[in-house]
Protein chains: 2
Amino acid sequence: MPDTFFEDVRSLHLFSKMSADNFADLMRAAYVQNFPPQIELISEGDPSDFLHVVLSGEVDLFARWNNRETSLATLRPVSTFILAATIRDAPYLMSARTLEKSRIALIPSQDVRAVFDTDGDFARAIVAELALAYRSVVKTQKDLKLRSSLERLANCLLRQQTRVDGAEEFTLPYEKRRLASLLGMTPENLSRAFKGLQPYGVRVAGSQITIADRKDLESLAKPSPLIDDFLV
Amino acid sequence: MPDTFFEDVRSLHLFSKMSADNFADLMRAAYVQNFPPQIELISEGDPSDFLHVVLSGEVDLFARWNNRETSLATLRPVSTFILAATIRDAPYLMSARTLEKSRIALIPSQDVRAVFDTDGDFARAIVAELALAYRSVVKTQKDLKLRSSLERLANCLLRQQTRVDGAEEFTLPYEKRRLASLLGMTPENLSRAFKGLQPYGVRVAGSQITIADRKDLESLAKPSPLIDDFLV
DNA sequence: GTCTTCAATTGATATTTGTCAAGGACTCTC
DNA sequence: GAGAGTCCTTGACAAATATCAATTGAAGAC
């Protein structure tokens, strides 16, 4: 094995409580690969041969239909993806591409399923992970169906500000056109939405965002823990 | 216990493989209640005290924000709901109301979590259920973000036709305004969308739908197993 | 430095979707 | 069968969002 990515993987909630033996079993057939940016790691519809773990870099999950494309999530280290497909032994519903140079650990799906069948702790960890993922998608769906694009952007900025401990000024974690896609709008509309937030004290300079008065922005955004809080 | 709803519950994938003892434990504290139509069973934000099982009738899962409301799913017997909240001991993300007179079994969440911690089979069944639910929401999200409302309706009709074994004529399973909400549009727009499907051979009379030529409608809808197939 | 490239923005316009108000169709009750 | 209630539909209009084309702006290559 090139180096000890073991530690990184083991540190994930998903793997931290399982027995050492079972973890070793999982890691035996796993391997790590480095990918350049803009590589399509998996394509929707493919059989789910591997559970993926982002060790470094950044990965975009997206979906295509009828020549259209939309981003569904962005993954940063250390996190797994395509867990549900692996568990159900079903085809991927999303495609994934690297956004930057990334190290990805690949764990054969059949090993995951085998250990899952014998290790209760692992099964419980998977449950917790899936329940979290499920709730996260439900929140996104509420965001999409209940809010206008301006409101979605406002709440997205507030969430990001919370993530950086409330700093008045911060950097957008995504390219703007991908942010637009994540929020379910076009890049052009995102530009206009940023302008639409100026009256609420939002200043934009490149990817630098300044929120002059959080309360002011909240009066428009009306953030709700049942949509915007990651952990609830 | 009033009668043997045990059998109905036990027949669910979720409970069919767990040990008889553990199932009995779960059922000991469970009870069944009959509700009239239009009763709000649970409200988003409430603590998840019970795992619910629809034994008969019909239940609507919906969400509210800022005086707006949207339907997220409709449940028919026999199925559970609010599993993820129960598992994570987190507040409900959706509200639920009966649409008709319904019998609901209520299983205390703490019992579910307790058995889940000790019964590996139950934990694995929950994993399978959650993975399915997760994938189902992801598909809905793809539907919402990648398709126009006309395309969503077209695919919804094709899915329904598949559900009734391809019959040319069938009945809509929902009230139209709730269908509109499920599809993320207004009732007015749903009416217009039905008209927009006339050129593709869709005939509407009340809740009776006739699809003259499935191929024709598919040329517009472009259904994809990765969005429209329930089991994939 | 200049050039190239690509993302981001802007303006003009088209399409989609929502809103409001009115009317029609249906069921239910009495 | 008349009336009330509800859902659905329709039309006119308004708002939101997308599209297309052109321009600006910033980062890297040379």
Side-chain angles (χ1 to χ4, degrees), chain A residues 36-38 58 60 65-71 74 97 99-101 143-157 171-199 202-209 220-221, chain B residues 36-38 58 60 65-71 97 99-101 143-157 171-199 202-209 220:
Chain A
Q38 301 301 330
E58 197 177 10
D60 184 40
W65 178 80
N66 195 26
N67 286 325
R68 295 166 218 171
E69 192 178 304
T70 187
S71 285
T74 294
R97 73 163 73 89
L99 292 170
E100 16 175 289
K101 188 164 168 302
D143 189 52
L144 275 172
K145 288 183 79 176
L146 290 166
R147 289 171 171 165
S148 72
S149 60
L150 193 67
E151 291 162 341
R152 290 200 296 278
L153 176 59
N155 279 293
C156 167
L157 294 180
T171 308
L172 278 182
Y174 318 109
E175 216 179 357
K176 279 188 189 165
R177 62 172 171 169
R178 225 155 44 70
L179 176 61
S181 183
L182 285 165
L183 292 174
M185 54 208 281
T186 57
E188 292 95 329
N189 249 320
L190 179 63
S191 271
R192 292 177 190 120
F194 271 123
K195 281 200 166 173
L197 292 181
Q198 275 180 20
V202 174
R203 229 33 39 158
V204 184
S207 62
Q208 283 295 308
I209 306 292
L220 169 74
Chain B
Q38 301 301 328
E58 197 177 10
D60 183 41
W65 179 79
N66 195 25
N67 287 324
R68 295 167 218 172
E69 192 178 305
T70 188
S71 285
R97 72 163 74 88
L99 292 170
E100 16 175 289
K101 189 167 169 302
D143 189 53
L144 276 171
K145 289 183 78 176
L146 289 166
R147 289 170 171 166
S148 71
S149 60
L150 193 68
E151 290 162 342
R152 289 201 296 279
L153 176 60
N155 280 292
C156 168
L157 293 180
T171 307
L172 278 181
Y174 318 110
E175 217 179 357
K176 279 188 189 165
R177 63 173 168 170
R178 224 154 46 67
L179 176 61
S181 184
L182 286 165
L183 292 174
M185 55 208 282
T186 57
E188 292 95 328
N189 250 320
L190 178 63
S191 271
R192 291 176 191 122
F194 272 123
K195 281 201 165 172
L197 292 182
Q198 274 180 20
V202 175
R203 228 36 33 160
V204 183
S207 61
Q208 283 295 311
I209 307 292
L220 170 74

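Letters go in sequence order (proteins before strands), and every chain restarts at 1.
- Side-chain atoms of R192(A) come within donor-acceptor range of the base of dT19(D), with a qualifying N/O pair under 3.5 Å.
- Computed from coordinates, the N67(A) CG to dT19(D) P distance equals 12 Å when rounded to whole Å.
- OP1 or OP2 of dT17(C) lies within a sub-4.0 Å distance of a side-chain N or O belonging to S149(B).
- R177(B) has its CZ atom 8 Å from the C1' atom of dT6(D), to the nearest Å.
- As a whole-Å value, the separation of Q208(A) CD from dG25(D) P is 19 Å.
- At whole-Å resolution of the value, NZ in K195(A) and P in dT9(C) are 9 Å apart.
- Between the D60(A) side chain and the R97(A) main chain, no donor and acceptor come within less than 3.5 Å of each other.
- The shortest distance between side-chain heavy atoms of R203(B) and I209(B) does not fall below 4.5 Å.
- Using a 4.0 Å cut-off, no side-chain N or O of S191(A) falls inside it from OP1 or OP2 of dA8(C).
- Set against dA18(D), dA7(C), dC8(D), the side chain of E175(B) has dC8(D) as its closest nucleotide.
- L150(B) places a side-chain heavy atom less than 4.5 Å from the side chain of L220(B).
- For T70(B) (side chain) and L146(A) (main-chain N/O), no donor-acceptor pair under 3.5 Å exists by modelled atom type.
- Between dT17(C) and N189(B), no contact under 4.0 Å exists linking OP1 or OP2 to a side-chain N or O.
- Applying the 4.0 Å criterion to OP1 and OP2 of dT17(C), one finds that T186(B) has every side-chain N and O outside that range.
- In the interface, the side chain of E188(B) is paired with the base of dC20(C) through a donor and an acceptor atom under 3.5 Å apart.
- If you measure from atom CG of L150(A) to atom C1' of dG18(C), you get 16 Å, rounded to the nearest angstrom.
- Rounded to an integer number of Å, the gap from L179(A) CG to dT9(C) P is 11 Å.
- Atom CG in L190(B) sits roughly 16 Å away from atom P in dT16(C) (whole-Å rounding).
- To the nearest 0.5 Å, the span separating CG on L190(A) from CZ on R152(A) amounts to 11.0 Å.
- Nucleotide dC8(D) holds its C1' atom 13 Å from the CD1 atom of I209(B), rounded to whole Å.
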